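Here the structure is a predicted model, which means the values were calculated and not measured. Chain naming here is simple, since letters A, B, ... match the order of the sequence lines and numbering starts at 1 in each.
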Amino acid sequence: MAKYIGIRVLATIPLLFAIAVVTFLIAVAMEANGSIAGQVCGEGATIECIAEVEESLGLNDPLPSRFVSWLGDVVQGDLGVSLLDRNAGVGELIGERIWPSLSIVGLSLIIGISLGMLMGIIAAIQPGGLVDRIFSITAASVIAAPGFLIGMMLSWGIGVELGWLSPIGYTPFGESVTGWFKSLILPSIALGMPTLAIVQRQLRSSMANALQSRYVLAARARGVGRATLIGRHALPNAMIPTITVIGFRAAAAIGLTTAIEIVFGIRGMGELLVTSILNRNVTVLQGGMLVVGLVVATVNLLVDISYGFLNPKVRLNK
Amino acid sequence: MTESQLPSEPSGDASPAKPDSPRRRFWRRMFRNPLGVFSMIWFAILIVAWIWPELLATHDPFKQDVTLQRLYEGPSGDHWLGTDQFGRDFYSRVIHGAGLAFRSIIIAMTIAVGVGVPLGLFSGWRGGRLDRAIMWVNDVFFSLPIILLAMAVIIILNPSLDNAMIGVGIAMSTRFTRLTRAVTLQEKEELYVDSARITGLSTRTILSRYIAPNLMSSLIVQAAIISGAIILIGATLSFLGIGSSLDDPDWGVMLNRGRELFRVHGVWQIVPPGGALILTVLAFNLLGDAIRDAIGRDASNNALTITKRVSVAPASTSHAEGDDVVLSVRDMDVEFPGTDGRISQVLEGVSLDVRAGETLGVVGESGSGKSMTMLSALGLTPAPGRMTRGSVQFDGRDVTNLSEGEWQQIRGKDVGIIFQEPIAVLNPAIKVGKQIMEPLMIHMDMNRDEARARAAELLAEVRVPDPERRLDQYPHEFSGGMAQRVGIAMALACEPKLLIADEPSTALDVTVQGQILDLMAEVQQRRNMAIILITHDLGVIAEAADRVLVMYGGQVMETASAGDVFFNPKHPYSKALLDTMPQNHSGEGALAVIPGVVPSATAWPAGCRFAPRCAHAIDDCVTTMPPLEQVESDMVRCLRHGTDLVLADPAEADA
Ligand code: SF4
């Protein structure tokens with residue numbers, strides 16, 4: 001297993017490099033579509049100002065050497081400074097904003113995966129039964145609703161009408177742990193509901209397949225009881241395709257949390273990226289994209305590793 | 001090469017006037033599916049709203065009405081869905097929003113299909129290193145959040161819904177690349193197996209004639225679901241303020257406007273656009289599901305596992321007497337409800353007895369009901385099938401109506417089963433040793449260590465070399481022969497009174513076959529165990545069986561001692577089976593086969609089920625079902641038995 005994990009970690013390096021190249025090229029392409037320096041100097045920019053900015057950003061150097069020096073900085077953790085505020089380091093900006101986002105994504109995945117698995121297993125035990133049908137209809141409707149809309153409904157219903165939780169806002173972890181957790185609940189449910197539905201659907205169908213398999217029949221012929229059949233024989237095999245789906249959903253959730261944060265007025269990565277897009281703040285965007293890419297790559301790595309845990313064929317043959 | 005030289009390939013336009021063409025069946029199924037009908041109705045409305053919004057809209061979607069009373073209104077006769085913060089009519093804005101939604105789909109889908117399908121075709125067809133490189137890049141993009149790719153394009157160009165959709169299209173193209181490549185690879189493989197069909201055909205012909213038709217249905221299903229996803233992402237981007245401009249009657253923009261207001265001015269501010277959005281995405285997803293069902297690809301929906309118990313009608317004949325009768329089955333019927341409400345009876349009136357120390361051979365072609373008989377006798381009828389009549393006694397006890405829980409105490413302990421596919425019946429995710437230990441720990445009250453020690457002994461008994469190491473391996477590390485030894489070890493673990501072996505040696509090569517049969521015989525002698533040996537191979541029967549049960553079409557055709565079946569068969573089907581044995585085949589040339597095929601359980605012949613293939617059939621055979629008759633200690637089901645029927649020697653039959 002250690003060897004397998006090692007190989008998977010090494011295989012992530014080209015992915016990270018590809019993400020870096022893409023991120024870098026985004027900035028290059030932005031220049032081609034309008035001067036960044038002009039943006040910095042504002043309207044009525046002087047030639048001197050533009051020249052100075054271009055010089056300081058190294059925009060006049062050839063692309064490969066720019067890429068190398070940019071990548072060198074990035075590897076050392078230096079993401080540059082915000083174009084709009086020379087005192088604000090991009091690293092610090094992101095460092096502030098990423099925690100709310102990661103907290104929401106993390107809790108949403110915990111909610112979505114655990115409940116989704118539970119509901120998927122329950123539905124698979126008696127496919128076509130009443131519970132299965134109720135779950136299927138619910139899952140189909142939830143998948144059709146964007147998370148931010150679910151968020152607005154929750155904010156209104158539970159926050160405004162019932163008053164159980166604050167309909168808006170975020171409490172940092174450092175301020176109050178319970179406050180932090182409470183402020184995460186609604187956004188995480190909003191983001192986690194589609195995850196739940198997707199996991200439920202996938203696991204239901206792969207569990208149903210596994211329960212029909214020859215090896216489950218053979219286990220029944222050995223006198224294996226129902227709980228063991230479901231939990232030990234069918235579930236690990238049914239989890240293999242489900243893990244893949246969870247991986248895609250986790251990546252999607254990292255993108256979709258932006259909209260959830262905006263619903264709940266949380267200053268996370270979402271707001272940072274959106275305002276930077278509107279302001280064409282290229283260094284912040286570069287840094288933001290890079291960090292999000294890093295998170296996605298980590299998720300993929302975790303998916304690969306859990307895949308190895310579940311599937312001995314994958315683990316032993318690599 | 002002309003088209004007519006390719007007779008075996010499917011051709012859609014060869015039979016235009018057929019009443020139940022695939023196309024017609026497709027639409028019939030679509031309209032019978034209520035969810036499919038719902039989605040089609042919703043799309044009809046949306047398409048009208050897209051092409052001619054003025055027809056449906058009651059107001060100008062941009063016209064503001066800022067008199068105080070007209071803001072944040074609920075539904076009324078004038079404003080069916082109320083008004084927004086500028087007093088604009090929600091209903092009309094939602095109607096006009098349909099156009100923007102379709103526009104997004106068209107842009108993103110054109111890119112997604114335009115890039116993804118050719119790339120997938122090329123990559124899959126070409127194969128090799130280039131294929132791997134393309135797929136690596138594709139997978140990188142596939143794994144990135146779609147929103148992020150859309151943002152990247154917006155960053156480079158400018159924020160607008162069209163630009164965002166370029167990014168979404170690129171992201172979605174990776175889905176089409178994967179799908180197209182998978183279909184292409186699969187088709188390519190099939191074509192190469194049948195390489196005669198493609199020699200002389202240009203790549204283009206192959207792509208358009210073989211791959212495209214198979215690709216089409218998957219693509220359409222995928223496109224429907226992806227269209228829903230495109231709308232969701234478009235709405236999210238517009239909601240973030242980086243999609244449609246903030247005055248457009250876009251559903252996402254309306255929600256963006258509503259997000260500041262719904263907590264103060266009531267949740268209604270987000271209901272009309274949110275509802276339109278959800279219904280549209282839902283309609284796309286349901287449409288995809290409905291198309292998939294109508295094409296008839298997805299079978300996972302009727303995946304019942306453990307059958308519910310139903311009342312079983314009693315048998316009309318009594319069980320065999322005697323202490324040594326291990327398993328006795330009488331008049332067993334097993335039925336499967338079909339998808340269209342018709343019931344197929346896969347077993348009809350099956351009876352059998354097996355005694356301690358005896359081997360009962362069960363023969364018949366595949367599809368004759370041999371395996372189903374054994375599974376049903378042990379309460380393992382695969383769902384949704386069920387036993388509807390008959391009686392089963394095991395070891396003197398009536399087990400016809402046992403619950404799954406009661407069966408668990410018998411299966412694995414008093415009866416062991418060896419299955420046909422030795423590797424498929426081992427759980428790929430569990431170590432082989434753990435699987436052998438299961439029956440020991442369940443039935444023999446052993447703890448982990450005892451069970452493990454015993455499992456190693458069992459493996460040694462079935463002559464698996466190096467058992468300790470083998471215990472910790474996974475099924476994929478076993479060859480078929482070794483896996484079958486594991487199967488035997490598991491079946492014998494608790495020293496059962498009855499061993500059922502379903503084609504135990506069929507998948508194995510000849511030397512291993514012999515070893516497996518010897519092994520079973522050896523254990524039988526030692527323990528005075530009863531064996532039911534299911535096989536289509538009469539050679540195996542000749543070697544191992546004491547008595548024989550011949551099955552055809554879900555019925556018992558003949559029971560006899562092994563000697564009688566070989567030297568004095570009473571039933572034309574037994575005789576026909578004998579004639580297919582290589583030893584009995586007199587002339588040179590190809591091995592004899594029984595002409596025709598086993599009929600399917602949905603369409604049994606009305607009279608004798610063997611009649612369409614029987615060399616001795618008379619008119620009565622087609623209309624009258626022969627009863628199973630007692631002849632001395634044996635049974636025969638043939639109208640002509642005991643009359644003038646003479647079952648000729650194969651050599652004479654050939655002449
Ligand atoms: S009943 Fe007629 S058709 Fe059936 S086996 Fe006997 S002779 Fe053949």
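- Applying side-chain contact (heavy atoms from CB on, under 4.5 Å) to A:R222 and the options B:Q435, B:H443, B:K413 leaves one that passes, B:Q435.
- Neither the backbone nor the side chain of B:I146 comes within less than 4.5 Å of any heavy atom of chain A.
- For the pair B:N427 (side chain) and A:Y215 (backbone), a donor-acceptor distance under 3.5 Å is absent.
- At a threshold of 4.5 Å between non-hydrogen side-chain atoms, the residues A:L217 and B:L375 count as touching.
- Only the side chain of B:W136 comes within less than 4.5 Å of a heavy atom of chain A; its backbone N, CA, C and O stay farther away.
- No part of A:N311 comes within reach of chain B, as not one of its non-hydrogen atoms sits under 4.5 angstrom from that chain.
- If you measure heavy-atom distances from A:A145 to chain B, the contacts under 4.5 Å come from both the backbone and the side chain.
- Residues of residues 240-248 of chain A that come closer than 4.5 Å to chain B, counting heavy atoms only, are A:F248, ordered by residue number.
- Using a 4.5 Å cut-off between heavy atoms, B:P428 contacts chain A through both its backbone and its side chain.
- Only the backbone of B:V415 comes within less than 4.5 Å of a heavy atom in chain A; its side chain stays farther off.
- For residues 17-26 of chain A, no pair satisfies side-chain hydrogen bond (donor to acceptor under 3.5 Å, both in side chains), with sequence neighbours left out.
- One finds a salt bridge joining B:E421 and A:R214 here, because a Lys/Arg side-chain nitrogen approaches an Asp/Glu carboxylate oxygen to under 4.0 Å.
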